[in-house]
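First comes the structure, then the notes that go with it.
In the text below, chain A, chain B and the rest are named by the order of the sequence lines, each starting its count at 1.
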2 protein chains.
Amino acid sequence: MVSKDLLKGTLKTIVLKLLEEKGRMYGYEITKEVERLTEGKVQLTWGALYPTLHKLEADHFITAQEVSIGKRVRKYYTLTESGRSTAKEKVQEFLDFVAIMGQILNPKPSLNLG
Amino acid sequence: MVSKDLLKGTLKTIVLKLLEEKGRMYGYEITKEVERLTEGKVQLTWGALYPTLHKLEADHFITAQEVSIGKRVRKYYTLTESGRSTAKEKVQEFLDFVAIMGQILNPKPSLNLG
DNA sequence: TTTTTATATATAAGTCAATTATATATTATT
DNA sequence: AATAATATATAATTGACTTATATATAAAAA
């Protein structure tokens with residue numbers, strides 16, 4: 001389990017980055033994918049995820065397409081043009097944050113891209 | 001300037017780690033040292049720092065020694081035994097967090113220790 | 001076949017670490 | 001003499017999150 005305090009501020013980054021990679025995803029799918037990627041160490045809560053998706057949509061970073069699966073409605077989200085650039089910005093912002101924390105915590109952390 | 005949302009949850013870690021390294025520091029000195037280390041990109045606010053120092057003291061992770069500098073009183077803080085182990089735990093917690101975020105954000109970030 | 005688990009979305013109430021604002025006082029610099 | 005730097009402290013507010021609650025369908029297990 002990862003510290004929830006540290007996770008604060010990463011939700012939008014995570015959502016935007018996953019959408020950038022997968023093209024289109026629905027909320028429930030995002031939580032499951034994050035669980036899978038982190039071997040259960042990060043579990044997004046619906047109480048945080050859904051309002052965040054709605055906010056990203058209101059800010060025109062993502063758009064929703066409702067798809068009926070039997071009688072159930074699924075909301076697929078896709079990045080908009082500005083969402084695509086925001087995704088990159090957010091990831092870079094996180095990399096910057098890690099680099100600077102490294103300067104403080106001293107073990108000289110850095111990120112191997114690729 | 002580093003994202004304030006991302007910085008959330010890192011204050012105790014930063015304070016404990018700096019005290020571990022420097023042995024003894026006072027509040028104002030901590031803010032200046034963090035500014036110096038990050039070239040001004042991280043600026044701790046007193047509104048967060050002082051209450052945090054008081055809380056760490058109440059939790060017996062640090063102890064205070066008041067030193068008079070002229071007519072001004074300076075409060076030097078030192079790690080206790082449990083503060084020392086908590087410092088290590090907190091730094092490790094941060095490293096774990098970064099590693100897991102790397103699994104999500106995919107550029108495969110890792111930390112070069114040393 | 002009935003019950004439970006998994007799928008799927010949504011919102012309201014509460015928490016808590018931090019920001020912002022305010023207060024106070026000494027010392028050094030311009 | 002005025003301003004900036006040093007030094008600590010607390011109160012009010014913000015906001016991203018957690019926890020709790022609500023609703024409904026589909027699949028799997030009892």
Out of [options], which has the shortest distance to the side chain of [X]?
X	options	result
B/Lys8	D/dT10, C/dT27, C/dA17	C/dA17
A/Tyr50	D/dT8, C/dT11, C/dT7	C/dT11
B/Lys75	C/dA10, C/dA17, D/dA9	D/dA9
A/Lys71	D/dA26, C/dT11, C/dA17	D/dA26
A/Lys32	C/dA17, C/dA8, C/dT7	C/dT7
A/Lys4	D/dT18, C/dT9, C/dT19	D/dT18
A/Trp46	D/dA26, C/dA10, D/dT6	C/dA10
A/Tyr28	C/dA8, D/dA9, C/dA18	C/dA8

Can you tell whether the side chains of [X] and [Y] come within less than 4.0 Å, N to carboxylate O?
X	Y	result
B/Glu29	B/Lys32	no
A/Lys90	A/Glu93	yes
B/Glu20	B/Lys88	yes
A/Glu33	A/Lys22	yes

I need the [atom1]-[atom2] distance between [X] and [N], as an integer number of Å.
X	N	atom1	atom2	value
B/Ile69	C/dT26	CD1	P	15 Å
A/Asp5	C/dA18	CG	P	7 Å
B/Met1	C/dT19	CE	P	11 Å
A/His54	C/dA8	NE2	P	16 Å
A/Leu53	C/dA8	CG	P	14 Å
A/Leu7	C/dC16	CG	C1'	16 Å
A/Leu11	D/dG15	CG	C1'	13 Å
B/Gln43	C/dT20	CD	P	11 Å

If you assign each of B/Pro51 and A/Gly9 to its closest nucleotide in DNA chain D, which residue comes earlier from the 5' end? B/Pro51
Kindly say whether, by distance alone, the side chain of B/Arg72 makes a donor-acceptor pair under 3.5 Å with the base of C/dT27? no
Do B/Thr63 and B/Glu57 pair up side chain to side chain, a donor and an acceptor below 3.5 Å, judged on atom types alone? no
Given DNA chain C, 5'-ward residue of the pair A/Val73 and B/Lys12, judged by closest heavy atom: A/Val73
Please classify the nucleic acid contact of A/Gly47 as base, sugar-phosphate, or nothing, using heavy-atom distances under 4.0 Å. base
Need one value for B/Thr10: base, sugar-phosphate or nothing, where a base atom within 4.0 Å counts as base even if backbone is also close, heavy atoms only. sugar-phosphate
Please tell me if A/Tyr26 has a side-chain N or O lying less than 4.0 Å from either OP1 or OP2 of C/dA8. yes
Are more than 12 heavy atoms from other residues, nucleotides or ligands located less than 6.0 Å from atom NE2 of B/His54? yes
